[in-house]
Amino acid sequence: MEHLDVSILNTAPDIRDCLGMSDAVGDVNTVQQSAPTFNFKDHVDGIVSQVDEIEEKLNGVTQFYSSLTKKQPNSGKGGSAGKEREREKQFLSFKRQQQEAAKRESSSAKRMQELMRQFSTILRQAIAILQL
């Protein structure tokens with residue numbers, strides 16, 4: 001990004017000096033065409049020219065990016081790339097669902113084994129009591 005020179009703003013003369021106004025209440029304020037007045041006009045003209053340059057650069061950048069966005073949908077690769085990305089997302093989502101289902105099935109199989117083990121223990125205890 002380009003650095004903007006704002007030194008003009010720091011060196012601008014006091015507006016009262018440029019317009020020939022005095023601080024006394026009884027004096028009449030008049031505009032004089034003196035050197036400070038022309039100096040102030042030069043500062044204003046400099047700022048206006050900088051604003052115009054920045055505006056031209058901004059218009060160029062805006063035009064560049066708007067032309068990019070207009071070209072993008074019309075390109076054949078852009079459309080197929082978007083479809084390819086969508087397919088890839090769907091595939092990853094499907095794969096993730098399969099992995100989660102496999103984990104659920106694995107954990108339920110472990111629970112079933114534990115239940116079967118507990119049931120066999122209870123059954124053995126019941127048989128032992130009946131044999132007595």
Side-chain angles (χ1 to χ4, degrees):
M1 178 175 248
E2 185 179 322
H3 176 67
L4 299 175
D5 182 27
V6 292
S7 62
I8 292 175
L9 299 176
N10 296 335
T11 61
D14 186 25
I15 190 74
R16 290 186 194 125
D17 294 337
C18 294
L19 297 177
M21 298 177 162
S22 76
D23 291 332
V25 177
D27 292 344
V28 176
N29 297 330
T30 59
V31 176
Q32 300 173 353
Q33 292 293 329
S34 62
T37 304
F38 288 115
N39 190 13
F40 184 72
K41 287 180 183 178
D42 291 340
H43 285 290
V44 171
D45 290 339
I47 293 172
V48 168
S49 66
Q50 282 183 345
V51 168
D52 290 339
E53 289 174 18
I54 293 171
E55 186 178 11
E56 287 176 15
K57 289 178 184 178
L58 178 65
N59 288 337
V61 170
T62 305
Q63 192 174 29
F64 172 76
Y65 281 109
S66 66
S67 69
L68 281 180
T69 56
K70 288 178 185 175
K71 289 180 185 178
Q72 193 172 16
N74 295 335
S75 66
K77 289 184 177 181
S80 65
K83 290 178 185 177
E84 185 65 32
R85 277 186 256 144
E86 184 65 28
R87 284 186 204 136
E88 188 175 40
K89 284 181 183 178
Q90 289 176 349
F91 175 74
L92 291 174
S93 174
F94 178 73
K95 193 171 186 174
R96 189 178 314 123
Q97 287 175 351
Q98 282 184 330
Q99 288 173 345
E100 290 173 358
K103 287 179 184 177
R104 282 193 305 268
E105 188 175 342
S106 172
S107 65
S108 64
K110 287 179 182 178
R111 282 194 307 270
M112 181 62 84
Q113 285 178 349
E114 180 64 24
L115 286 172
M116 293 296 285
R117 189 186 63 74
Q118 289 175 356
F119 179 74
S120 67
T121 304
I122 293 171
L123 189 60
R124 271 190 240 119
Q125 289 174 353
I127 292 173
I129 289 175
L130 288 176
Q131 288 179 350
L132 291 177

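Arg104 CZ to Gln97 CD: the interatomic distance, rounded to the nearest 0.5 Å, is 8.5 Å. In this structure, CD1 in Ile127 is found 11.0 Å from CD in Gln125, a value given to the nearest 0.5 Å. How far OG of Ser108 is from CD of Gln113: 10.0 Å, rounded to the nearest 0.5 Å.
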Report task. Show your reasoning for whether side chain to side chain contact (heavy atoms under 4.5 Å, CB included) applies to Ser67 and Gln63. Result -> CA-CA 6 Å; Ser67 69; Gln63 192 174 29; 5.8 Å; no
Query raised in the report: salt bridge (charged side-chain N to carboxylate O under 4.0 Å, His left out) between Glu114 and Arg117: does it pass, once the steps are laid out?
Result: CA-CA 5 Å; Glu114 180 64 24; Arg117 189 186 63 74; 2.5 Å; yes
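The side-chain hydrogen bond (donor to acceptor under 3.5 Å, both in side chains) test applied to Arg111 returns no partner, not counting sequence neighbours. Annotation: side-chain contact (heavy atoms from CB on, under 4.5 Å) contacts of Asp45 (sequence neighbours excluded): none.
For the salt bridge (charged side-chain N to carboxylate O under 4.0 Å, His left out) condition, no pair includes a residue of residues 89-99, sequence neighbours left out.
Of the charged side-chain nitrogens involved, at least one lies within less than 4.0 Å of a carboxylate oxygen, so that Glu84 and Arg87 count as a salt-bridged pair.
The neighbour count for Gln98 CD, taken as heavy atoms of other residues, nucleotides or ligands under 6.0 Å away, is above 12. Within 6.0 Å of CD on Glu86 lie more than 12 heavy atoms contributed by other residues, nucleotides or ligands.
A donor-acceptor pair under 3.5 Å is formed between the side chain of Thr62 and the backbone N or O of Leu58.
The one candidate from Gln118, Met116, Arg124 that meets the side-chain contact (heavy atoms from CB on, under 4.5 Å) condition with Ser120 is Arg124.
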